[in-house]
Amino acid sequence: MNIATFIIKNTWRNKRRAALTSLSVAVSLFLLTTLLTALRELTVPPEDVGASLRIAVRNKISLANTLPAKQRGNIQKIPGVALVSPLTFFGGRFKEDDGIGFAQFGLDADLLIGIFGEANLPPEQFDAFKKDRRACLVGRDSATRHGMKIGDRITVKGGIYPCDLDLILAGIYYGTIDDRNLYFHHTFLDEAMGNWGQVGTWWVKVKSAEQVPEVIRAINATFANTSAEVLAETERSFQLGFISMLGNVTAFIGVLSSVVVFTLALVTTSTMSLTIRERFRELAILKALGFKNGEIAAFILAESFMLSAAGALLGVGGGWLLYSKMSVSQATAGIFPFFEVTPQIAGAGCFVAVILSLISAVPPIISACQLTVVDGLKTLD
Amino acid sequence: MLPPLKYHLQTVRVRWRSTLATLASIALVVMVYLLVQSLAAGLDAIATQTGDMRNLMVLRRGSIAESSSLLTIDQIRTAKHLQGIAKDKSGAPLASVDTLVVVNHQRRDGKSMANVLFRGISQAGIELRQQVQLVEGRWFAPGRREAVASTKLRDRMAGMEIGNEIKIGADKLKIVGLMDGQGSAFDSELWLDSEEAKGLFNRDFYSSVLLRLEDGADQKSLISRLDTDKRLQVRGILETDYYREQTKTAGPIRFLGNFLAAVMSVGAVVASTNSMYAFMGKRTREIGTLRVLGFRRRTILAGLLFEGVCIGFCGGLIGCVLALPVHGLSTGTMAFESFTEVVFHFQITLTLVARAMAFAVFAGLTGSLLPALRATRMPVVDALKSA
């Protein structure tokens, strides 16, 4: 019997305890993985290709305030600006009793592909969308969920704007970071609102990434001290603004994660100590046979590492498998459209497992090293 | 005949080392459950503590929240002069025409921004909302660019002390007073004059009207008159009902709390099963002795389960004590309906504590079930022979 078999045999000697210990590590690591993923989904907005060239312009007072449509010309004139489109969040309801909704945006149909170029859409569908002012595009996720087909009539009841939209589905796009939204012609909203001359936000595409800071400065300066001051920012910081609004929730999830890790450490350490204390007599025999303290410490460490590793495999791996297979979006009513266990998160989970195996080995190692052969042989239980 | 209760209680006490992990894991499950659920309870408290039964709110038909409702002066005039609306001393309808504006404002930390609800009200608006009290300074005077902030808003947002000026475009709004909404949604608001709000923020429309109903007025028929009027395109709702419907934000938090508690309690049960097995293993001979003394298997099992319940109960108590300090702490998050930050308190209610304790006792019981069954099933002779 070599050292490795000795360690493995020892680990599995009490099968039930080994299984239960690994299981409790697994449950905690699963929870940690879930919390870290949730935190990441809340704080790190997914990034689209081309986001670095896009600028969002909103009313400085807040996103809930509109901007005058006549600003468009002024923005277009700024050097470095390639394209400008209004983008207005309609905030309507598709079906009265449906909890899982999707956002509807009015924009300039001609510029959709020019500015938001990530979407995959058959050219003939895009042409059909451009031609009909009542046409709309829907992301594949929403289309699947609600069983929409091209040519369907889609009625969206106004929640913010005092009008309803009666639209016709012209195309289904896919391949963006959020394949759920509905896009329709801004001009259609203008008509429904009696040509009110307002837009929600402006979205600007800049010619090159180097010009972005200059264009942002120029847009902000252009409308300073007018009746509708604006705040232009990169797409990324626009999205981060939403996260900042969540307030203390993110910090709270961080606290919960720490509590989970702490519980985990406590439970595993106590089990490891228990396992080793039961074996004091054996350890004394090993010592009598001439094994050094260092070697005994290595045995204990290896054993605790194996239990943690099994737990990590089950907890982190299980979490990854579960979240890649199930539809988290549906289970959480659309709060988390994505729930991706990234390699970094999986790595963090495994790292915690390793640290844990070290921590939980420390108290048993200390008591095993302090043990004299005579005392150890005298131990009864 | 049962083994004396004292025997079991002593065992729990003497072997405290091996029960420590069980105790701690149950305590932490209870703590996490209470922490998260008290957030949801705090949000619910706002929903149930805001509004006056005698007030009727009028919104645009189809609007989800007050902040996204638009009303014209004609709609308001018609609604104000309906039968059943109370009158003030001068005989005018007791009504507040409100203009709500969501304003992106800097937080106190100076780093992040939050959306704050600025509520423009008529003078009657103060009288209609009795739960809001002025605690410092004075109420705003219309036409002088003045505003009153809630004390809780002042604690969270930058520059909301009395005497400070908030810059809005080229104009300035001066804070002249502080108010307290006594745990209502108004604790997250800043109030100013309605007409002034319309001017400052270039609004063409008002947002809502709050009306006082006459004593004994038929609320139902009044609401249905508003709701069915084809020309008017508004809807009426009791103020209290309106706030009770604003519960979207608490939902996900409650879900998170239940999810965490469920998964963590699986971990706690596994951990407690584990230590109980070890614990029972050491007591095999002791249990054998009890059997020889004539105690029946069933009664010994009941006793051992009782020990588990005791541990669960103690763990639960510790968890409650650990969670208690957050009770009453103020925090904030974005409300999904109004798109603004709502300030609320952690609320550990008795119901929550009862639920958490039931949870803890159940976890203690489940954790000791399998080990206790195994220990009592062993034949007496084998048990006595074991080391």
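Within every chain, numbering begins at 1; the chains are lettered A, B, ... in the order of the sequence lines, protein sequences first and strands thereafter.
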### Message
side-chain contact (heavy atoms from CB on, under 4.5 Å), that's the test. Do B:Tyr277 and A:Asn14 meet it? Break it down for me.
### Response
CA-CA 11 Å; B:Tyr277 264 124; A:Asn14 189 338; over 6 Å; no
### Query
Would B:Thr331 and A:Phe252 satisfy side-chain contact (heavy atoms from CB on, under 4.5 Å), going step by step from the backbone distance to the final call?
CA-CA 10 Å; B:Thr331 185; A:Phe252 194 66; over 6 Å; no
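The CG atom of A:Leu256 sits 8.5 Å away from the CE atom of B:Met264 when rounded to the nearest 0.5 Å. Taken to the nearest 0.5 Å, the CG atom of B:Asn274 stands 4.0 Å off from the OG1 atom of A:Thr21.
Under the rule for a side chain to side chain donor-acceptor pair (under 3.5 Å), the partners of B:Thr22 that lie at least two apart in sequence or sit in another chain are B:Ser275. Listed by chain and residue number, B:Phe359 satisfy the ring-ring contact (aromatic ring centres under 6.0 Å, His included) test with B:Tyr33 (two or more places apart in sequence, or in another chain). Take B:Arg254 and apply the salt bridge (charged side-chain N to carboxylate O under 4.0 Å, His left out) test, not counting sequence neighbours, and it matches B:Asp44.
If you measure heavy-atom distances from A:Ser28 to chain B, you find no contacts under 4.5 Å at all.
Between chain A and the residues B:Val32, B:Val266, B:Asn104, B:Leu70, the largest count of heavy-atom pairs under 4.5 Å involves B:Asn104. Considering only heavy-atom pairs separated by less than 4.5 Å from chain A, the leading option among B:Asp171, B:Ile253, B:Asn115 is B:Asn115. Top candidate by heavy-atom pairs under 4.5 Å with chain B, chosen from A:Asn65, A:Leu231, A:Val255, A:Val259, is A:Asn65. Per-residue counts of heavy-atom pairs under 4.5 Å with chain A were compared for B:Leu260, B:Leu256, B:Val29; the largest is that of B:Leu260.
Applying the 6.0 Å contact sphere to CZ of B:Arg374 captures no more than 12 heavy atoms from other residues, nucleotides or ligands.
Within residues 197-207 of chain B, the residues having any heavy atom closer than 4.5 Å to a heavy atom of chain A are B:Phe201, B:Asn202, B:Arg203, listed by residue number.
Proximity of a side-chain donor or acceptor of A:Ser62 to a complementary backbone N or O of B:Val102 within less than 3.5 Å is detected.
The heavy-atom pair separating B:Gly267 from A:Ser24 by the smallest distance is O-CB, 4.2 Å. Considering every non-hydrogen atom in both B:Val263 and A:Val27, the closest pair reads O-CG1, 3.3 Å.
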